[in-house]
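Structure record follows, encoded as structure tokens.
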Number of protein chains: 2
Amino acid sequence: MNVEFVGRVGHDGAVSTTDNPETTARRRGRRPAGQDTRTALIEAARAVFAENGYDGATVRAIATRAGVDAAMVNHWFGSKEGLFAQAVLELPFDPMELQKALRDGPGDELGERIVRTFITRWDSAGGGQFVALIRSITGHEQAGHVLRDFFQRFFSGLISSIGSDRIPLRMNLCATQMVGLGMVRYVAKFEPLATEEVEVLVRAIAPNLQRYLTGEIG
Amino acid sequence: MNVEFVGRVGHDGAVSTTDNPETTARRRGRRPAGQDTRTALIEAARAVFAENGYDGATVRAIATRAGVDAAMVNHWFGSKEGLFAQAVLELPFDPMELQKALRDGPGDELGERIVRTFITRWDSAGGGQFVALIRSITGHEQAGHVLRDFFQRFFSGLISSIGSDRIPLRMNLCATQMVGLGMVRYVAKFEPLATEEVEVLVRAIAPNLQRYLTGEIG
DNA sequence: GTCTATACAACGATAGAC
DNA sequence: GTCTATCGTTGTATAGAC
């Protein structure tokens, strides 16, 4: 799928000046200013993704619950994945665009690119968003399922492009390293890692990630 | 809380009493049934650890808040670290005993022992305890500080025994791998890793942890 | 009477003030 | 360097539950 990332990233703009979000009557044409379709979609998406996982959740179901047309998903978030990123994971980047960028370059340096990009993006977004992500995962029972689907899609696409065996396990192992990195740097804030230079961490962690991607894992 | 009679017994057997209810002196000997010193210590420890971190919290301060003697910490929990494990981290094992066990064996197999023990212990405890641990870290602001102190003490003791440089960073890197492993196996429950055989994971992960412990990290 | 939870004193280690 | 305060821990006598 070719995805153009339209949705805003991270910040909550001054969009929501809604006075009554519980209106059930639907009109055709452009709705009055201040009716925050985008927020309604995010809330509906949180519920539907949590209930059914990524693959099980349909754009139509989300739009119906939000009380808007399904086309609004593409208008506000570019794609189903863009909505997913904004609503559930609150990622500070677009997964597809990132995956595409990571594929550019030699396969034996993929781990390096992943670690560098991961730290750079989350750093610039501020650690608070990662904390919110983890909290949503530990809080809701189904949120782990959502993250699992996402990781599977994201990492398995990367790994398959360099042709390793035991893709599912390798994807899981990569997840342990990257999630743990986020936990230590942004949630628990261990020193010196939390304030360490990016390239130092890349040199330290990338070889381990690369082993999970293409190395011998027993 | 549990002081209804305030008195002090001198060496000569004379009993001097006071009617001041705020006197800190307490009777010796076994207290009336139903006065749960152990629970009082855990509750006090939660508060003091959360306020001051591991090193900042003193056994005496905890005992004072619980209204008992500091020696009760050793009597009921073996040590300050045992109390910490029970009260804040709710670990399914005793950190000191575990650290001692991990030191037995060749240094180049330390990573293997850590991974195997980590998975075995948490598996037998059920993943729910790990979820609770993570939730307490993400929830309370100070809990990350507590975990940080604990990890530092636990891992730095292990690493220093095998003599590597850059101990603090290596400890942090080990934390990324182990915390991430716990997140993926017990919280997010990625498959196949969540139900994978222990020894398969040991072969996959131990070399990476060993590199953080004694290898070249850039 | 027996057992044990308890308080108190004291020890070695350690960190900071002077 | 010396002194002091405080830390975690240990030993021990004992009060009170059983």
Side-chain angles (χ1 to χ4, degrees), chain A residues 188 190-192, chain B residues 1-104 133 136 140 142-168 171 175:
Chain A
F190 285 16
E191 293 296 344
Chain B
M1 175 193 298
N2 39 28
V3 179
E4 77 279 9
F5 174 79
V6 181
R8 178 180 284 273
V9 179
H11 291 310
D12 55 356
V15 177
S16 61
T17 60
T18 174
D19 45 0
N20 183 1
E22 291 299 86
T23 305
T24 56
R26 257 168 305 280
R27 289 175 296 174
R28 273 198 284 189
R30 186 169 176 153
R31 297 156 87 193
Q35 303 210 357
D36 199 341
T37 291
R38 201 187 132 92
T39 300
L41 274 172
I42 288 181
E43 289 176 3
R46 285 212 173 96
V48 177
F49 277 130
E51 287 169 10
N52 305 0
Y54 184 86
D55 289 324
T58 69
V59 170
R60 287 177 159 89
I62 293 170
T64 299
R65 183 180 297 217
V68 300
D69 189 84
M72 292 297 95
V73 169
N74 284 83
H75 181 263
W76 284 104
F77 304 98
S79 66
K80 178 184 180 181
E81 206 142 350
L83 173 60
F84 178 77
Q86 290 292 317
V88 181
L89 293 183
E90 306 180 37
L91 298 180
F93 48 82
D94 173 53
M96 289 304 293
E97 170 251 326
L98 183 59
Q99 186 171 334
K100 212 171 297 180
L102 288 174
R103 263 200 277 253
D104 288 340
L133 167 61
S136 78
H140 311 84
Q142 290 286 359
H145 188 222
V146 175
L147 183 70
R148 191 186 328 152
D149 290 346
F150 173 74
F151 249 97
Q152 199 130 12
R153 293 170 52 83
F154 186 75
F155 260 107
S156 65
L158 287 175
I159 297 178
S160 66
S161 69
I162 54 177
S164 294
D165 62 330
R166 304 173 80 181
I167 305 281
M171 181 275 291

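Lettering follows sequence order; numbering is per chain, from 1.
- Protein atom CG of Asp69(B) is 14 Å distant from nucleotide atom P of dT10(D), rounded to whole Å.
- Annotation: side-chain contact (heavy atoms from CB on, under 4.5 Å) contacts of Pro92(B) (sequence neighbours excluded): Trp122(B), Ala125(B), Gln129(B).
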Between the protein and nucleotides 5-9 of chain D, which nitrogen or oxygen pairs come in under 3.5 angstrom?
residue: dG8(D); atom: OP1; partner: Ala57(B); partner atom: O; Å: 3.4
residue: dG8(D); atom: OP1; partner: Val59(B); partner atom: N; Å: 3.2
residue: dG8(D); atom: OP1; partner: Lys80(B); partner atom: NZ; Å: 3.0
residue: dG8(D); atom: OP2; partner: Val59(B); partner atom: N; Å: 2.8
residue: dG8(D); atom: N7; partner: Arg60(B); partner atom: NH1; Å: 2.6
residue: dG8(D); atom: O6; partner: Arg60(B); partner atom: NH2; Å: 3.2
residue: dT9(D); atom: OP2; partner: Lys80(B); partner atom: N; Å: 2.8

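- Rounded to whole angstrom, the span from the CH2 atom of Trp76(B) across to the C1' atom of dA7(C) amounts to 15 Å.
- In this structure, Ala57(B) and Lys80(B) approach most closely via the heavy-atom pair O-NZ, 2.7 Å.
- Taking both residues in full, the closest heavy atoms of Leu147(B) and Phe190(A) are given as O-CZ, 4.0 Å, listed atom of the first, atom of the second, then distance.
- Each ring pair (Phe, Tyr, Trp, His ring centres under 6.0 Å) pair with one or both residues in residues 58-78 of chain B, not counting sequence neighbours, would appear here, but there are none.
- For Met72(B) and dT12(D), the CE to C1' distance is 12 Å, given to the nearest whole Å.
- When the ring pair (Phe, Tyr, Trp, His ring centres under 6.0 Å) test is applied to Phe84(B), the partners found at least two apart in sequence or on another chain are Phe49(B), Tyr54(B), Phe150(B).
- Rounded to 10 degrees, the angle between the two end axes of the helix from dG1(C)-dC18(D) to dC18(C)-dG1(D) is 10°, with five pairs used at each end.
- Nearest heavy-atom pair, Leu41(B) versus Ile62(B), reported as atom, atom and distance to 0.1 Å: O-CG2, 3.9 Å.
- Taking atom NE2 on His75(B) and atom C1' on dG11(D), their separation rounds to 13 Å, with Å as the unit.
- By the side chain to side chain donor-acceptor pair (under 3.5 Å) test, Arg148(B) is found to be paired with no residue, residues two or more places apart in sequence or in another chain being considered.
- The minimum heavy-atom distance between Phe154(B) and Pro95(B), with the atom names listed, is CE1-O, 3.4 Å.
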